[in-house]
Amino acid sequence: MSRRIRILRTGPQALVQDLGRPGHAHLGVPPSGAVDPHSLTLANRLVGNDETAAGLELLLGGLELAAETSCTVAVTGPAVEVRINGKLADSHQPLHLPPNATLTIGTPQTGLRTYLAVSGGITAAEELGSRSTDLLSGIGPDPLRDKDVLDLGAPNAANGADVVPPFHAPDTITVPVTLGPRDDWFEDAETQLRQGSWTVSDRSNRVGARLRGTVLNRRDGEIPSEGMITGAIQVPPDGQPVVFLNDHPTTGGYPVIGVVDRAHLRFLGQARPGTTVRFLPRQ
């Protein structure tokens with residue numbers, strides 16, 4: 001018997017995401033995957049899935065779905081209002097949906113992205129070993145649309161009634177940065193990064209967190225295109241840095257002053273426009 005959920009309303013953006021497809025940069029394919037993998041793996045654990053199972057990444061919530069089968073769901077990330085058949089329920093813990101029940105997810109109070117895991121996981125077709133939607137390369141499932149029906153895998157045994165705290169996105173974040181590989185393009189790169197202050201631009205997306213603020217002084221010109229990794233801080237001629245996130249291009253011709261510590265990328269991925277960003281550089 002097939003297990004399915006039906007999307008009634010997607011909200012601003014709803015994507016199928018797992019932990020991505022790292023290791024394919026030589027093919028021009030970025031890692032993609034959940035921008036906040038910590039929240040996705042928590043959601044999967046709450047419903048008894050493997051941490052690598054595919055769930056849904058929701059930009060500013062707004063999703064409504066109908067369960068076509070009995071299933072367990074969990075919503076994680078920032079605190080958000082969750083309703084089952086119109087009645088308030090709790091996020092960040094397992095919730096049972098009987099057949100024909102509706103689940104509605106509101107707009108998070110802070111941050112950008114909430115995650116929904118469903119028991120059995122989303123069973124979209126894999127590409128290069130992942131079910132993640134890559135918006136830059138067009139690999140993986142298309143962004144969800146109203147009335148889409150998603151197949152679910154076989155559920156595992158429940159792993160208890162764990163509850164995890166919601167993520168609170170702060171107004172100011174400080175992220176550790178390892179200098180290089182092109183910090184020699186900047187006069188005293190460490191001081192510029194340490195003393196600078198930026199805010200997240202509304203032009204940010206899954207490709208990169210675009211920052212506006214202190215101008216980073218760099219040499220004129222460009223370098224030959226070279227490989228880029230997730231977390232690279234690329235600085236175009238206007239001196240305004242871009243931190244590459246999960247759907248970033250795999251090459252680029254602007255110098256990279258440093259690389260954000262991977263464990264802190266999720267905080268940039270959850271940062272709303274206007275959030276203040278400071279860097280903590282290290283050699």
Next on the checklist: Do I229 and R262 make a side-chain contact, defined as non-hydrogen atoms from C-beta onward lying under 4.5 Å apart?
Outcome noted: no
Checklist entry - Between E51 and N44, which heavy-atom pair has the shortest distance, and what is it? => result O-ND2, 3.3 Å
Item to check | Heavy-atom check, side chain of Q240 versus side chain of L211, under 4.5 Å | outcome: no
Next on the checklist: What I want to check is whether the side chains of S130 and D18 have a donor and an acceptor closer together than 3.5 Å.
Outcome noted: yes
Checklist entry - Is any side-chain heavy atom of L88 closer than 4.5 Å to a side-chain heavy atom of R83? => result yes
Next on the checklist: Using a 6.0 Å cut-off, check whether atom CD of E222 has over 12 heavy atoms from anything other than its own residue.
Outcome noted: yes
Item to check | Least distance between heavy atoms, V256 atom then V259 atom | outcome: CG1-CG2, 4.4 Å
Next on the checklist: Just checking D238: does its CG atom have more than 12 heavy atoms from other residues, nucleotides or ligands closer to it than 6.0 angstrom?
Outcome noted: yes
Item to check | Non-hydrogen atoms of A14 and L63 that approach each other most closely | outcome: CB-CD1, 4.1 Å
Checklist entry - Does some side-chain heavy atom of R194 sit less than 4.5 Å from a side-chain heavy atom of L280? => result yes
Next on the checklist: Looking at R4, I'd like to know if its CZ atom is crowded, meaning that more than 12 non-hydrogen atoms belonging to other residues, nucleotides or ligands lie closer than 6.0 Å.
Outcome noted: no
Next on the checklist: Would you say that L193 contacts L216 through its side chain, given a criterion of any heavy-atom pair below 4.5 Å between the two side chains?
Outcome noted: yes
Next on the checklist: A side-chain contact here means heavy atoms from C-beta on lying under 4.5 Å apart; do R182 and D184 qualify?
Outcome noted: yes
Checklist entry - How far does CG of D247 sit from OG of S137, to the nearest 0.5 angstrom? => result 7.5 Å
Checklist entry - In Å and rounded to the nearest 0.5 Å, what is the CG to CZ distance from D171 to R272? => result 10.5 Å
Item to check | T104 and R9 side chains, donor-acceptor separation under 3.5 Å | outcome: no
Checklist entry - Passes side-chain contact (heavy atoms from CB on, under 4.5 Å), I122 versus I5? Steps please. => result CA-CA 9 Å; I122 308 296; I5 56 174; 4.1 Å; yes
Checklist entry - Is any side-chain heavy atom of L42 closer than 4.5 Å to a side-chain heavy atom of R45? => result yes
Item to check | ILVMFWY cluster, V235 and V277 together (side-chain gap under 4.5 Å) | outcome: yes
Item to check | Any T214 side-chain heavy atom under 4.5 Å of Q192 side chain | outcome: no
Checklist entry - What's the verdict on side-chain contact (heavy atoms from CB on, under 4.5 Å) for V207 and L245, showing C-alpha distance, side-chain angles and the deciding distance? => result CA-CA 5 Å; V207 173; L245 299 179; over 6 Å; no
Item to check | Which atom of H264 lies closest to which atom of V175, heavy atoms considered | outcome: CB-CG1, 4.0 Å
Next on the checklist: side-chain contact (heavy atoms from CB on, under 4.5 Å), that's the test. Do F167 and H38 meet it? Break it down for me.
Outcome noted: CA-CA 10 Å; F167 169 76; H38 182 73; over 6 Å; no
Item to check | Among I173, I257, V260, the one residue meeting side-chain contact (heavy atoms from CB on, under 4.5 Å) with F279 | outcome: V260
Checklist entry - Does CZ belonging to R219 count more than 12 external heavy atoms closer than 6.0 Å? => result yes
Checklist outcome for this item: Closest heavy-atom pair, G140 versus R21, reported as atoms and distance to 0.1 Å, is CA-NH2, 4.2 Å
Item to check | CA sep, side-chain torsions, deciding dist, call: L65, L97, side-chain contact (heavy atoms from CB on, under 4.5 Å) | outcome: CA-CA 11 Å; L65 64 80; L97 298 184; 4.1 Å; yes
Item to check | Non-hydrogen atoms of S70 and P99 that approach each other most closely | outcome: N-CG, 3.8 Å
Item to check | Spacing of L60 atom CG and L112 atom CG [to the nearest 0.5 Å] | outcome: 5.5 Å
